[in-house]
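Throughout, protein chains are lettered first and strands after them, A, B, ... in sequence-line order, and every chain is numbered starting at 1.
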There are 2 protein chains.
Amino acid sequence: MGGSQIRRNMPLFSIGIVMQLTDLTARQIRYYEEHGLISPARTEGNKRLFSLNDIDKLLEVKDLIDQGVNLAGIKQIFNVKQQQDDVLTDEDNQEAEKVRKDLSDAELRKLLRKELLRAGRFNRGHGNPPRLQ
Amino acid sequence: MGGSQIRRNMPLFSIGIVMQLTDLTARQIRYYEEHGLISPARTEGNKRLFSLNDIDKLLEVKDLIDQGVNLAGIKQIFNVKQQQDDVLTDEDNQEAEKVRKDLSDAELRKLLRKELLRAGRFNRGHGNPPRLQ
DNA sequence: AAAACTATGTTAGATTATCTTACATATAGT
DNA sequence: ACTATATGTAAGATAATCTAACATAGTTTT
């Protein structure tokens with residue numbers, strides 16, 4: 001797990017914002033969580049807090065559902081992608097990972113900003129850039 | 001105006017998250033708003049929603065306050081920077097100017113910091129002098 | 001065709017997060 | 001010494017979110 005991965009996993013967004021960003025209902029988002037497609041963090045008071053990764057996943061879920069894939073299928077797809085990610089991460093990226101891990105807190109905002117700008121194109125291939133606005 | 005401007009001004013973050021991200025209290029954040037240093041958006045139900053720009057500004061406020069600048073001074077500094085931004089934006093060399101602007105954004109902070117540090121040495125009157133380390 | 005399952009809607013009651021307003025207070029400036 | 005600045009804190013109100021339960025249109029399965 002590299003530093004940037006942590007950043008992309010930083011819990012930042014309330015469900016209301018995620019609803020706007022993904023155009024999903026709260027019911028849908030909770031249902032997808034219930035079925036293990038996402039695992040948003042929680043505040044001390046039990047409110048969900050979503051990361052950029054969560055939002056990416058939700059947009060992907062939405063996309064796949066639009067294409068007729070059911071949740072079971074999406075779950076499988078996510079599993080496969082996760083395995084790929086594991087392989088890619090474990091392989092040879094130690095050095096780059098190390099560099100990435102040492103990002104200063106000051107740079108965090110800029111990274112966040114960047115992430116938002118390019119939030120969209122899921123790294124592995126298929127492209128439907130969700131518009132964040 | 002590029003799409004990125006829209007993104008940076010997109011209201012996304014609740015005050016709780018901004019507190020964590022900036023290490024400011026809610027009181028401070030609201031006070032800075034009250035004095036016009038930021039203008040976060042609101043939800044339909046009147047909750048504040050902060051953008052990345054807001055967070056940047058808050059971090060800058062915090063930084064300047066740590067260096068002994070009062071809110072009036074910070075307001076002036078923001079005004080100056082805003083004017084510069086306006087000029088640069090109106091000068092229709094948008095593409096190249098944008099790069100230059102990014103550079104000068106980072107640079108300007110350092111210059112300001114230096115300048116303020118020097119000024120602080122002259123009229124030192126407060127018990128909490130800038131830590132010269 | 002009936003039964004079961006899937007994915008979502010809706011409602012209700014409870015709880016958290018945030019809001020405004022007001023008062024308190026320690027430092028800093030005059 | 002007085003005033004202004006910047007922040008803390010408390011109270012009461014309300015918005016946003018939570019869980020749980022029941023409803024339902026489609027879709028599979030039997």
Side-chain angles (χ1 to χ4, degrees), chain A residues 11-50 54-55 57-58 60-78, chain B residues 11-51 54-55 57-78 116 119-120 122-130:
Chain A
L12 292 174
F13 306 99
S14 69
I15 197 171
I17 290 295
V18 175
M19 289 171 63
Q20 290 181 205
L21 256 35
T22 61
D23 205 36
L24 293 166
T25 66
R27 183 64 163 101
Q28 287 176 302
I29 295 170
R30 296 194 190 111
Y31 187 70
Y32 302 153
E33 176 188 14
E34 195 180 331
H35 288 265
L37 297 178
I38 53 172
S39 297
R42 299 286 182 131
T43 67
E44 219 177 69
N46 204 37
K47 262 68 182 169
R48 288 174 182 80
L49 279 185
F50 299 82
D54 291 328
I55 293 175
K57 278 194 172 181
L58 286 173
E60 207 168 352
V61 169
K62 191 186 155 109
D63 208 45
L64 289 169
I65 281 187
D66 280 352
Q67 296 170 30
V69 184
N70 63 15
L71 287 206
I74 297 175
K75 214 177 299 188
Q76 293 302 317
I77 293 171
F78 280 9
Chain B
L12 292 174
F13 306 98
S14 68
I15 197 171
I17 290 295
V18 176
M19 288 171 63
Q20 291 181 204
L21 255 34
T22 61
D23 204 35
L24 294 167
T25 66
R27 182 63 164 102
Q28 288 176 301
I29 295 169
R30 296 193 191 112
Y31 188 70
Y32 301 154
E33 176 188 16
E34 195 180 330
H35 288 266
L37 296 178
I38 53 172
S39 297
R42 298 286 182 132
T43 67
E44 220 178 69
N46 204 35
K47 262 64 182 172
R48 288 175 182 80
L49 278 186
F50 299 82
S51 68
D54 291 327
I55 293 175
K57 279 194 172 181
L58 286 174
L59 288 168
E60 208 167 349
V61 170
K62 190 186 155 102
D63 208 43
L64 290 168
I65 282 188
D66 280 352
Q67 296 170 32
V69 185
N70 63 14
L71 288 205
I74 297 174
K75 214 177 297 187
Q76 293 302 317
I77 292 171
F78 280 8
L116 287 164
F122 287 140
N123 52 345
R124 62 202 287 76
H126 46 52
N128 197 9

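Of the side-chain N and O atoms in B/R30, none sit less than 4.0 angstrom from OP1 or OP2 of D/dA6. Contact between the side-chain N/O atoms of A/T25 and the OP1/OP2 oxygens of C/dG9 is found at a separation under 4.0 Å. A/R42 has a side-chain polar atom (N or O) that falls below the 4.0 Å cut-off from OP1 or OP2 of D/dT19.
Candidate nucleotides D/dT17, C/dT8, D/dA6 were compared by shortest atom distance to the side chain of A/I15, and D/dT17 ranks first. Nearest nucleotide to the B/R48 side chain, out of C/dT18, C/dA7, C/dT20: C/dT20.
A/L24 places its CG atom 8 Å from the P atom of C/dT8, with the value rounded to the nearest Å. If you measure from atom CD1 of B/I65 to atom P of D/dT7, you get 5 Å, rounded to the nearest angstrom. Put simply, NZ on A/K62 is 10 Å from P on C/dT8, counting in whole angstrom units. For the pair B/D66 CG and C/dT27 P, the computed distance is 17 Å after rounding to whole Å. For B/I29 and C/dC19, the CD1 to C1' distance is 14 Å, given to the nearest whole Å. What separates CZ of A/F50 from P of D/dT17 is a distance of 9 Å, to the nearest Å. To the nearest angstrom, P of D/dA16 lies 18 Å from CZ of B/F13.
Remark: A/T25 pairs with A/Q28 by the side-chain hydrogen bond (donor to acceptor under 3.5 Å, both in side chains) rule, at least two apart or across chains. Every residue meeting the side-chain contact (heavy atoms from CB on, under 4.5 Å) condition with B/T43, not counting sequence neighbours, appears here in chain and number order: B/K47, B/L49. Listed by chain and residue number, B/D54 satisfy the side-chain hydrogen bond (donor to acceptor under 3.5 Å, both in side chains) test with B/S51 (two or more places apart in sequence, or in another chain). A/E33 pairs by the side-chain contact (heavy atoms from CB on, under 4.5 Å) definition with A/I38, A/P40, A/R42, A/R48, not counting sequence neighbours. Residues passing the side-chain hydrogen bond (donor to acceptor under 3.5 Å, both in side chains) test with B/E34: none are found, sequence neighbours excluded.
Contact between A/F78 and A/K57 at its shortest, heavy atoms only, is CZ-O, 3.8 Å.
A rotation axis mapping the C1' atoms of four pairs onto the next four is fitted at both ends of the helix from C/dA1-D/dT30 to C/dT30-D/dA1 over five pairs, and the angle between these axes is 30° to 10 degrees.
Across residues 31-39 of chain B, B/Y31, B/Y32 each have a non-hydrogen atom less than 4.0 Å from an atom of DNA chain D (numbered order).
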Using atom types as modelled, flag every donor-acceptor pair under 3.5 Å from a side chain in residues 67-77 of chain A to any protein atom, sequence neighbours excluded.
unit_1	atom_1	unit_2	atom_2	d
A/Q67	NE2	A/D63	OD2	3.3
A/N70	OD1	A/A72	N	3.4
A/N70	OD1	A/G73	N	2.9
A/K75	NZ	A/H35	O	3.4

Could you list the donor-acceptor pairs under 3.5 angstrom formed between side-chain atoms of residues 11-23 of chain B and any protein atom two or more places apart in sequence or on another chain?
unit_1	atom_1	unit_2	atom_2	d
B/T22	OG1	B/V18	O	2.6
B/T22	OG1	B/L24	N	3.3

### Summary
B/S/- along nucleotides 9-15 of chain D (protein heavy atoms under 4.0 Å) is B----BS

